[in-house]
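Following: one structure in structure tokens, then a few remarks.
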Number of protein chains: 2
Amino acid sequence: MSRKHSADDPAALQAAVAGFVRAFGLHQTETTPCGQPISVSEAHAMGELAQDGELRQVELTRRLRLQKSTVSRLVGQLTGRGWVERAQAEDDGRGVVLRLTPAGRQAAQNLAEARRERFARLLDSIPAHERAGVLHAFDVMREAWDGDR
Amino acid sequence: MSRKHSADDPAALQAAVAGFVRAFGLHQTETTPCGQPISVSEAHAMGELAQDGELRQVELTRRLRLQKSTVSRLVGQLTGRGWVERAQAEDDGRGVVLRLTPAGRQAAQNLAEARRERFARLLDSIPAHERAGVLHAFDVMREAWDGDR
DNA sequence: ACCTTCTGGTTGTACGGTCGAACCATGTCC
DNA sequence: GGACATGGTTCGACCGTACAACCAGAAGGT
């Protein structure tokens with residue numbers, strides 16, 4: 001596929017990442033790569049909430065790496081859908097605690113299922129002997145990126 | 001980082017990809033992950049043009065996986081910056097051929113350099129023995145994604 | 001030749017995600 | 001108690017993308 005490139009050539013890595021990004025359609029904002037009618041950030045937010053049960057809004061902001069204003073609006077949309085409810089933090093009068101409603105839990109489950117199916121199909125297309133390596137690679141990349149940013 | 005997960009668990013792959021996407025800040029539209037003051041799509045377009053020298057607009061559309069209207073506007077911006085010029089295709093009266101201007105070539109070179117530096121730093125943060133694997137992983141992912149979409 | 005259909009591009013319109021700044025309330029520290 | 005920091009909200013703006021309508025040139029059939 002890619003032209004001759006050593007593994008130590010930055011251009012090779014760049015090309016590989018760029019290809020991946022484009023293929024996944026990560027610049028298309030209003031649809032999740034898995035085809036769900038929900039924005040990527042919303043999907044991520046739902047994932048975090050489903051996983052943690054309860055989450056401080058500021059913590060969600062940190063995890064999503066967005067501005068607090070953006071997250072505020074984002075959460076507003078999710079509550080608008082009836083998926084999330086806000087509550088006052090007990091230990092901090094300023095804080096907002098986010099929690100999934102029953103409908104939200106259902107939605108998160110559906111999202112997770114769709115995602116699981118999509119990724120299961122994807123996984124099927126990855127030769128079995130490559131899987132562990134691929135998985136590992138993304139972790140390595142994320143850590144490396146965080147490490148020197 | 002992630003909890004115990006087998007390499008055959010779709011959720012593991014999903015989590016790995018999600019983490020990577022967020023870490024790279026791919027939702028920030030008007031800055032390239034490398035910190036350049038240019039949109040991701042513009043950067044990709046410049047890369048393609050620099051690589052091919054000449055490119056039919058429709059081909060660029062295909063490679064960037066965008067709508068033709070979006071690309072038309074995108075190209076308009078690049079010509080506005082004086083980086084790209086449009087010409088009539090010789091073999092097709094409808095077609096538009098895109099070419100970098102000298103300034104565009106310079107800009108592309110600067111972008112490439114910034115990208116190279118960023119990825120070189122990133123590469124430095126990746127243990128040497130992981131590099132080939134990481135590189136390979138992105139290719140595998142892209143192919144797998146294309147394969148069953 | 002003519003008509004139809006397809007294809008490459010452009011323009012208008014709308015939508016939606018993100019940011020920055022201004023502002024408020026609460027917590028924290030000296 | 002005053003100064004500063006922190007968590008949230010609201011407002012205004014920007015920009016990338018999609019969809020639809022439209023146009024002009026190409027391709028193919030009759």
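Throughout, a chain's letter reflects where its sequence line sits, starting with A, and its residues are numbered from 1. The figures that follow rest on heavy atoms only: side chains count, while hydrogens, waters and symmetry mates do not.
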What's the [atom1]-[atom2] distance between [X] and [N], to the nearest Å?
X       : N      : atom1 : atom2 : result
A:Leu74 : D:dG8  : CG    : P     : 13 Å
B:Glu90 : C:dG8  : CD    : P     : 18 Å
B:Gln67 : C:dT7  : CD    : C1'   : 14 Å
B:Gln57 : C:dT11 : CD    : P     : 11 Å
A:Arg56 : D:dT9  : CZ    : P     : 11 Å
B:Arg65 : D:dA18 : CZ    : P     : 13 Å
A:Arg86 : D:dT9  : CZ    : P     : 4 Å
A:His44 : C:dG17 : NE2   : C1'   : 14 Å

Is A:Arg94 near enough to D:dT9 that one of its side-chain N or O atoms lies under 4.0 angstrom from OP1 or OP2?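 The answer is no; no side-chain N or O of A:Arg94 sits under 4.0 Å from OP1 or OP2.
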Side-chain N or O of B:Ser72 less than 4.0 angstrom from OP1 or OP2 on C:dT10?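 B:Ser72 to C:dT10 OP1/OP2: side-chain N or O found under 4.0 Å.
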[X] side chain, from C-beta outward: closest of [options]:
X       : options                : answer
A:Thr70 : C:dT18, C:dG8, D:dT9   : C:dT18
B:Ser41 : C:dC19, C:dG17, D:dT17 : D:dT17
B:Val96 : C:dT10, D:dG16, D:dT9  : C:dT10

Given 3.5 Å as the limit, does a donor-acceptor pair link the side chain of [X] with the main chain of [Y], or not?
X       : Y       : answer
B:Thr79 : B:Gly82 : no
A:Glu42 : A:Ser39 : yes
A:Thr61 : A:Val71 : no

Which part of the nucleic acid, if any, lies within reach of [X] when heavy atoms closer than 4.0 Å are counted: base, sugar-phosphate only, or nothing?
X       : answer
A:Arg73 : base
B:Ser69 : base
B:Glu59 : nothing
A:Gln77 : sugar-phosphate
A:Arg62 : nothing

Are the charged groups of A:Asp52 and A:Arg63 less than 4.0 angstrom apart, N to O?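 Salt bridge between A:Asp52 and A:Arg63, a charged N being under 4.0 Å from a carboxylate O: yes.
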Contact check, side chains of A:Arg99 and A:Val84, non-hydrogen atoms, under 4.5 Å: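 They are not in side-chain contact.
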